[in-house]
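Numbered from 1 within each chain, the chains take letters A, B, ... in sequence-line order. All of these numbers come straight from a predicted model, not from anything done at the bench.
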Amino acid sequence: MTRTHRCGELTRAHVGQTVTLAGWVHGRRDHGGVIFIDLRDREGITQLVFDSDANLSAHQQAEHLRDEYVIEVTGVVALRPPGSENPHLSTGEIEVRATALRIWNAAKTPPFSVDDTIHATEALRLKYRYLDLRRPTMQRLLALRHHVSFAVRSFLHERGFLEIETPILTKSTPEGARDYLVPSRVNPGTFYALPQSPQLFKQILMIGGADRYFQLARCFRDEDLRLDRQPEFTQIDLEMSFVEREDILTLIEALLAEVCQRTAGLHLSPPFPRLTYDEVMNRYGTDKPDLRFDLPLEDLSDFAKTSSFNVFRHAVETGGSVKALVIPQGAGFSRSRIDQLVDRAKEFGAKGLAWIKIGEGWKLESAIAKFFDATALQKALPRAHVGDLVICVADSTSVAQQTLGRLRSRLGTELQLIETSQWKPLWVIDFPMFEYDEEAKRYVALHHPFTSPMPEDLPHLETDPLRVRAQAYDLVLNGFELGGGSIRIHSPALQRRIFSLLGIAQSEAAEKFGFLIEALELGAPPHGGIALGLDRLVMLLGGTESIRDVIAFPKTQKAQCLLTGAPSPVDPEQLQELHIALTREAEDGQEGH
RNA sequence: GGGGCCGUCGUUCAGCCUGGUUUAGGACGCCAGAUUGUCAAUCUGGAGGUCGCGGGUUCAAAUCCCGUCGGCCCCGCCA
């Protein structure tokens with residue numbers, strides 16, 4: 001290696017030194033007798049000067065340089081002539097007067113400019129990901145991700161955690177997301193699954209005496225993608241023995257505060273607010289509220305009972321709710337703007353959306369104003385003022401909450417209520433243990449089947465499962481679910497009760513989870529843990545709007561890699577070895593490849 | 001599985017609603033020449049597109065219709 005410095009580090013302190021730099025041609029400005037080249041590497045940009053008077057042969061070579069050529073240059077660091085400094089560059093005070101040039105590799109004209117100002121479509125960026133990654137922004141995000149990982153490892157190492165790897169080829173289990181399957185060649189007709197998370201292994205590690213485990217664990221879920229969801233992603237996964245919920249929450253608060261401080265200079269101050277599931281659903285209509293703006297859901301159920309509006313009264317009388325949002329200054333909304341809100345509410349599952357403008361002197365403007373008493377409404381909505389718009393959903397409580405929760409989130413963005421400089425972490429605790437799945441006609445675990453119920457709710461387990469709360473907790477940051485965890489079940493008897501409640505037959509439980517039950521019977525410590533989404537954390541810290549920006553080689557919404565073309569058909573011989581036959585439909589599907 | 005937005009020289013965008021003077025245009029990039037202090041260099045000249053693909057309507061389709069492929073956002077899904 002012959003380079004002596006990086007392109008971001010030369011300053012006036014180096015003036016007079018002979019240096020060698022290497023990198024990519026970021027731009028060229030040819031003035032005839034003198035050619036300026038911006039040389040770029042991971043660390044920055046340095047201006048090179050090829051002067052025909054000073055060094056004719058180097059100048060002649062430099063005439064051939066084009067964008068993205070890979071070169072190595074030797075020259076002398078010099079102060080730029082007064083007035084020609086570039087304040088936008090860290091190296092803007094100096095330049096390197098080239099005496100020798102080596103062209104390591106020419107480059108064809110790139111399909112898009114390696115530059116942060118002009119951006120190509122994402123499809124093109126992904127196809128030529130190596131060009132995209134050369135952009136300073138992407139370099140910054142890759143480095144940030146490394147720094148976050150490093151800070152996490154260092155923090156947990158200092159607290160006695162062991163980083164332990166768990167299998168990627170593992171066992172498919174019921175419940176949860178769709179598995180990615182891998183056929184076994186030596187065991188015809190059987191399959192491994194890629195882990196959705198190392199959940200069972202980390203519990204087994206506790207039973208194995210590991211005490212404190214962590215892993216930056218790659219996880220795989222074959223579900224549809226979102227801007228914050230990729231089919232393979234990385235979790236900061238950890239588990240501890242002999243702990244209670246509070247131990248985990250405190251540890252993670254310290255972890256997050258330190259990581260944010262060290263990697264982004266961000267100051268978070270623990271303890272984070274702890275809101276129960278019921279509280280956040282009531283107040284924000286979602287289990288991952290963005291607390292950077294207020295706009296809480298209001299409850300008009302009591303008011304509705306007294307009104308003469310049948311839709312409202314009916315909703316409450318049949319066990320539902322009337323929920324509302326008070327939109328500040330919303331009375332100025334145009335009719336089409338309001339219609340848009342109504343349409344969205346319907347999209348989100350509500351039967352309709354009632355709206356009331358509050359005019360001067362609390363005169364109500366609305367198609368349904370005649371049903372309401374302004375004074376009573378004013379009393380029910382202490383936050384409402386003249387000039388506001390009230391929107392209401394009367395439905396089952398969950399539909400009313402969800403609909404307005406989603407509208408709240410959209411309005412937060414559209415009305416620019418979000419204080420973007422704020423960082424608002426919170427814990428959501430006291431989740432219900434189960435919810436009823438109407439399709440499957442059975443109870444399913446809200447978190448997962450290994451989550452311990454609250455001890456005081458155990459008496460209701462069989463009689464009123466929906467009333468049972470779990471020792472589960474989610475960490476939410478700025479409206480994103482950053483992670484979740486729980487205190488686990490360490491009693492084999494309780495674990496059997498839960499399986500049975502979930503309708504997992506004993507024979508199935510034995511086949512799928514027999515190893516866990518058996519392990520619990522052989523001396524399992526109380527334990528609990530959590531997993532945080534590393535990609536989402538880096539995305540938030542990096543201030544970028546897509547998880548794809550913090551993954552070096554992400555997949556598209558159809559779960560394809562545009563760089564390599566994965567997934568792709570394989571040779572029939574490979575399939576034969578694996579004892580796999582394709583259906584007619586699958587063969588048709590391959591023709592696109 | 002469903003809803004929405006998008007696809008036009010290498011790139012990015014206009015044109016599409018209201019089909020025909022558009023030989024499909026601008027900017028960036030590219031090529032050639034000029035140019036000794038630029039950093040969005042500049043000046044002169046030039047090349048480059050069967051408008052994602054297939055079908056239909058029409059005298060005539062980038063433009064209207066249907067289908068399809070691809071990208072993005074959302075619902076469902078994500079213990």
Report which part of the nucleic acid [X] touches: base, sugar-phosphate, or nothing (heavy-atom distance under 4.0 Å, all strands).
{"X": "A/Arg410", "value": "nothing"}
{"X": "A/Gln196", "value": "nothing"}
{"X": "A/Arg406", "value": "sugar-phosphate"}
{"X": "A/Pro449", "value": "base"}
{"X": "A/Leu446", "value": "sugar-phosphate"}
{"X": "A/Leu124", "value": "sugar-phosphate"}
{"X": "A/Arg66", "value": "sugar-phosphate"}
{"X": "A/Glu545", "value": "nothing"}
{"X": "A/Leu227", "value": "sugar-phosphate"}
{"X": "A/Glu122", "value": "sugar-phosphate"}
{"X": "A/Ser197", "value": "base"}
{"X": "A/Ser546", "value": "nothing"}
{"X": "A/Asp222", "value": "nothing"}

Notebook entry, point to check: Has A/Phe36 got its ring stacked on the base of B/U38, with centres under 5.5 Å and planes less than 30° apart?
Noted result: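 A stacking contact exists, since A/Phe36 sits close and nearly parallel to the base ring of B/U38.
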Next item on the list: Could you check whether A/His31 and the base of B/A41 form a stacked pair, meaning centres closer than 5.5 Å and planes differing by less than 30°?
Entry: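 The ring of A/His31 is stacked on B/A41.
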Margin query: Within 45 degrees of the ring normal and closer than 6.0 Å to the centroid, is that where the cationic atom of A/Arg536 sits relative to A/Phe480?
Written below: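 The answer is no, since A/Arg536 fails at least one limit relative to A/Phe480.
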Check: Looking at A/Phe293, is A/Arg408 sitting on its ring face, NZ or CZ under 6.0 Å from the six-membered ring centre and within 45 degrees of the normal?
Finding: yes
Establish whether the base of [N] is bridged to the side chain of [X] by a donor-acceptor pair shorter than 3.5 Å.
{"X": "A/Glu95", "N": "B/G37", "value": "yes"}
{"X": "A/Asp224", "N": "B/C78", "value": "no"}
{"X": "A/Arg229", "N": "B/C78", "value": "yes"}
{"X": "A/Arg226", "N": "B/C72", "value": "no"}

Can you tell me the pairing partner of [N] across any strand shown, Watson-Crick or G-U wobble, with both distances under 3.5 angstrom?
{"N": "B/U36", "answer": "none"}
{"N": "B/G7", "answer": "B/C69"}
{"N": "B/A62", "answer": "none"}
{"N": "B/U57", "answer": "none"}
{"N": "B/A47", "answer": "none"}
{"N": "B/G25", "answer": "B/C13"}

Item checked: Nearest-nucleotide 5' precedence on RNA chain B, A/Asp228 against A/Arg221 -> A/Asp228
Notebook entry, point to check: Quick one: on RNA chain B, does A/Arg80 or A/Pro110 contact a more 5' nucleotide (nearest heavy atom)?
Noted result: A/Pro110
Check: Under 3.5 Å, side chain of A/Thr286 to main-chain N/O of A/Lys288, donor-acceptor pair present?
Finding: yes
Next item on the list: Can you tell me, in whole Å, how much space there is between the P of B/A62 and that of B/U50?
Entry: 13 Å
Give a yes or no on whether a salt bridge exists between [X] and [Y], defined as a side-chain N under 4.0 angstrom from a carboxylate O.
{"X": "A/Asp457", "Y": "A/Arg469", "result": "yes"}
{"X": "A/Glu223", "Y": "A/Arg229", "result": "no"}
{"X": "A/Glu414", "Y": "A/Arg344", "result": "yes"}

Check: Is any side-chain nitrogen or oxygen of A/Gln230 closer than 4.0 Å to OP1 or OP2 of B/C78?
Finding: no
